[in-house]
Structures are given as structure tokens and as C-alpha cells.
Amino acid sequence: MARKVNVQVSRIRAYEGHTGSVFSLAVDEEEKYMYTSGDDGIVARWNLRGDDADATGILRSDRAVYSLTVSSKYQLLFAGSSDGTLYIQDLEKKQLVRTYRKVTGAIYHLLIAGDLLWICQAEGFLTAINMTNGKEEFFGRLSEQNLRIMIPALGEGQFFIGSSDHQIYLFDFPQRTVIQNWSAHENSVFSLLIHPDGKYLLSGSRDAHFNVWDLQNEREQIKHIPAHNFTVNYFALSPDGHHFVTASRDKTIKLWDAYDFSLLKVVDKARHQGHTHSVNKVIWLKHDNSLISTGDDRQVLRWKFDFIT
């Protein structure tokens with residue numbers, strides 16, 4: 001039986017300054033700073049712990065910046081642009097270290113795993129760069145269509161990758177190859193999330209559904225949920241693992257129970273001063289349990305969920 005939970009949501013801050021769609025969002029390990037980027041080519045840094053709501057521009061590209069990630073260990077910011085250029089910024093010296101460009105397709109996602117930076121690009125290209133020496137550790141083509149999202153799998157050195165060819169790939173880095181793949185949706189796979197108990201993989205798609213796959217039973221599909229009206233762009237898991245949110249092109253954020261997959265709350269413009277255009281990225285912060293969202297409406301918003309049982 002589903003738990004009865006009353007959820008109250010409040011918008012606690014707006015971070016304003018971008019002049020175009022905000023596509024990406026990253027925070028450092030300490031959750032002191034937030035980094036945002038988008039159509040205007042600006043990478044902005046915001047202080048998450050202070051009262052100052054103004055941004056500091058730390059990087060400028062003449063192209064849209066689709067993806068961001070931060071290494072607190074090496075004090076490096078990585079930004080992937082629409083023309084395939086990777087920008088590597090030293091956060092301590094506040095200067096560009098280098099750029100890297102292997103192919104010209106857009107960089108849709110960046111992932112740090114150990115000392116490796118993984119780059120997911122258009123037309124199915126996947127690259128790994130060693131952050132200690134800048135050397136390329138892997139380069140290959142997994143698909144003829146765009147690689148949209150990559151997350152660590154439960155196996156050592158393994159990753160799930162969502163693609164525009166409707167597939168999910170299980171990539172094994174030690175073997176340097178895809179060891180499994182399956183048709184997961186009727187359209188592009190934009191978002192992936194490992195369930196907190198490790199039993200399930202969630203996938204979100206341009207087909208507006210999210211699916212739940214049983215990782216302990218040959219990836220059997222156990223849920224096929226019509227979650228939104230348009231693309232499910234991203235997942236974010238709550239720090240306690242009890243809930244997750246989905247961000248969608250239909251302008252909403254939806255809150256779900258992580259164990260029975262019931263819908264608990266819809267965050268929208270009419271009721272909560274939410275986004276007026278596509279919601280592109282969400283991150284749930286650990287230090288204060290707040291949620292950050294970015295959208296095509298140029299907004300970066302911060303939310304608080306209160307659960308009353």
C-alpha cells in the first residue's frame with residue numbers, strides 16, 4: 001500500500017543572469033559552488049552557501065555549452081560545447097588550461113569516474129581522458145546516433161549509456177566494449193538513474209515515459225510509466241533515497257516515491273512559480289535537501305520539499 005504523504009513545495013531562490021536556455025548544471029563535492037551553462041556560451045559560478053545571488057562568469061565559449069562537470073580533487077571544471085570542444089578550466093588559477101576536440105559532434109554529457117573523464121557525444125562517440133596526465137584512455141563509436149547520458153553501473157568499470165537510437169548500452173571499460181544492449185524506449189533515452197537499493201535501473205525518454213528495469217532478473221521491464229507530456233530530460237534522487245524527481249520538456253518537475261513509483265507532486269508555473277519552458281536539469285543537494293532546476297526559460301531555480309506524513 002502506498003504511503004500517504006503530504007508534500008509541500010516552495011521556491012526559495014531564483015538565480016538570474018543567463019541570456020539563453022540553461023542546459024547544464026553541476027556542483028562541487030562540498031556543494032559550496034554551483035556552475036551553470038547554456039545557449040549563451042557562458043559558464044557561471046554561484047555561491048550556494050551565501051546570500052549573494054550574483055553570478056561570476058568563469059568561462060566564455062562562442063558556442064552553446066551543453067554539459068558540465070567538476071572535479072573537486074583536481075580543482076578542474078569541464079565544459080562540453082555544441083561543436084565538440086571540451087574546455088578545461090583551472091578553478092584555483094581561474095584560467096583555461098586547455099581545450100580538447102576529437103570530433104565535431106556536440107558533447108551531451110560529461111561524467112567523472114575515478115581519474116577518468118568520460119565524454120558522450122553526437123553520432124555515438126565515447127571518449128575517456130585521464131585527468132592526471134590529459135592522455136586519452138579510450139575512444140570509440142558505440143552507435144551511429146547521439147549518446148545522451150552515462151552513469152556508473154554496479155559492476156566495476158561498467159557504465160550504462162542512453163542513446164538516441166532508443167537503446168541502453170552496458171559498456172565495460174576493462175574489456176573496452178559493449179557487453180549488453182537493449183531497446184529500451186520508442187524514442188531517445190535522455191536520462192538514467194540507479195535505484196537506491198541497486199535492484200533497478202530507471203530510464204527516461206523523449207517518448208515521455210520512464211521505465212523501470214529489474215537488474216537482478218535479466219533487465220525485465222517491471223514498470224512503464226507515462227510520466228510526462230514530453231521528454232523526460234533528467235532524474236535526481238533525494239539524499240535519503242526515498243524519493244526522486246523527473247524534469248521534463250513539458251515545463252514541469254514531478255516528485256515520485258522511489259519504492260512504489262507513485263506520483264506525489266507536480267511542480268509547475270501556475271501553482272509554484274515554476275518554469276515556463278522545458279526543465280533541462282535537476283540536482284538534489286545533500287547539505288540542505290534543496291533541489292536546483294534549470295530551464296529553457298533562462299531560469300535557475302531552487303526548491304524546498306517538506307514531507308508531512
Side-chain angles (χ1 to χ4, degrees), residues 66-67 69 78 80 102-103 105-131 136-225 227 231-237 241 244 246 256 258-259 261 281:
Y66 287 165
S67 53
T69 193
F78 301 93
K102 185 76 174 185
V103 294
I107 298 175
Y108 289 112
H109 188 73
L110 296 168
L111 173 70
I112 292 174
D115 288 328
L116 295 182
L117 171 75
W118 290 93
I119 306 169
C120 294
Q121 289 191 253
E123 299 179 349
F125 289 103
L126 179 67
T127 307
I129 295 176
N130 192 314
M131 292 185 292
E136 187 179 284
E137 298 281 350
F138 177 84
F139 175 75
R141 193 175 191 182
L142 276 57
S143 169
E144 294 185 356
Q145 297 193 40
N146 304 337
L147 302 184
R148 304 300 309 225
I149 181 73
M150 179 177 185
I151 64 170
L154 299 179
E156 184 70 26
Q158 294 184 347
F159 303 89
F160 288 115
I161 300 172
S163 172
S164 291
D165 62 8
H166 313 177
Q167 302 273 316
I168 296 175
Y169 295 88
L170 178 57
F171 176 78
D172 186 284
F173 177 56
Q175 298 184 49
R176 304 298 201 273
T177 190
V178 172
I179 57 175
Q180 294 177 350
N181 64 286
W182 71 98
S183 182
H185 286 271
E186 295 179 359
N187 213 312
S188 301
V189 180
F190 272 42
S191 49
L192 295 171
L193 177 71
I194 294 288
H195 192 271
D197 65 11
K199 295 180 181 179
Y200 308 113
L201 172 69
L202 281 65
S203 62
S205 169
R206 184 174 277 172
D207 65 14
H209 289 69
F210 77 74
N211 293 336
V212 182
W213 309 91
D214 188 342
L215 297 177
Q216 298 181 332
N217 189 24
E218 299 182 349
R219 305 182 315 276
E220 177 187 358
Q221 181 181 295
I222 62 169
K223 294 283 185 180
H224 179 64
I225 296 175
T231 307
V232 182
N233 284 326
Y234 215 76
F235 291 106
L237 183 68
F244 65 91
T246 50
W256 308 81
Y259 286 88
F261 304 105
K281 186 80 177 280

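Just so you know, these numbers use all the heavy atoms, side chains as well, and skip hydrogens, waters and symmetry mates. Sequence positions, counted from 1, serve as the residue numbers for this chain.
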Can you tell me how far [atom2] of [Y] sits from [atom1] of [X], rounded to the nearest 0.5 angstrom?
| X | Y | atom1 | atom2 | answer |
| --- | --- | --- | --- | --- |
| Ile161 | Leu126 | CD1 | CG | 5.0 Å |
| Glu144 | Ser164 | CD | OG | 12.5 Å |
| Phe235 | Leu202 | CZ | CG | 5.0 Å |
| Ile119 | Met150 | CD1 | CE | 10.5 Å |
| Ser143 | Arg148 | OG | CZ | 12.0 Å |
| Ile168 | Leu201 | CD1 | CG | 5.0 Å |

Work out which heavy atom in [X] is nearest to a heavy atom in [Y]; give both atom names and the distance.
| X | Y | result |
| --- | --- | --- |
| Pro152 | Ile194 | O-CG1, 3.8 Å |
| Gly105 | Ala122 | CA-CB, 3.8 Å |
| Lys223 | Phe261 | CE-CD1, 4.0 Å |
| Val189 | Ala184 | CG2-CB, 4.3 Å |
| Leu116 | Ala128 | CD1-CB, 4.5 Å |
| Gln121 | Tyr108 | C-CD1, 4.1 Å |

message = If you apply the rule side-chain contact (heavy atoms from CB on, under 4.5 Å), what do you find for Ile129 with Glu137, and how did you get there?
response = CA-CA 6 Å; Ile129 295 176; Glu137 298 281 350; over 6 Å; no

ask   = Phe125 ring centre to Lys102 NZ or CZ under 6.0 Å, with the angle to the axis within 45°?
value = no

ask   = So Leu170 and Arg219, side-chain contact (heavy atoms from CB on, under 4.5 Å) or not? Walk me through it.
value = CA-CA 11 Å; Leu170 178 57; Arg219 305 182 315 276; over 6 Å; no

key: Residue pair Leu117 / Leu110, side-chain heavy-atom distance below 4.5 Å   = yes

inquiry  = When you compare the side chain of Phe78 with that of Ser67, does any pair of heavy atoms fall below 4.5 Å?
reply    = no

ask   = Which one of Trp213, Phe210, Tyr200, Trp256 satisfies the ring pair (Phe, Tyr, Trp, His ring centres under 6.0 Å) criterion with His195?
value = Tyr200

Determine whether a donor-acceptor pair (N or O, by modelled atom type, separation under 3.5 Å) exists between the side chain of [X] and the backbone of [Y].
| X | Y | result |
| --- | --- | --- |
| Asn211 | His185 | no |
| Ser163 | Asp165 | yes |
| Asp172 | Gln175 | yes |
| Thr246 | Val232 | no |
| Ser205 | Ser188 | yes |

key: Full working for side-chain contact (heavy atoms from CB on, under 4.5 Å) between Ile225 and His209   = CA-CA 5 Å; Ile225 296 175; His209 289 69; 5.8 Å; no

Aromatic ring pairing Phe171/Trp118, orientation class (parallel under 30°, perpendicular over 60°, tilted between) = perpendicular

task = Before giving the answer on side-chain contact (heavy atoms from CB on, under 4.5 Å), spell out for Thr127 and Val103 the whole-Å C-alpha distance, their side-chain angles and the decisive distance to 0.1 Å.
result = CA-CA 10 Å; Thr127 307; Val103 294; over 6 Å; no

query = CD of Glu186: more than 12 outside heavy atoms within 6.0 angstrom?
reply = no

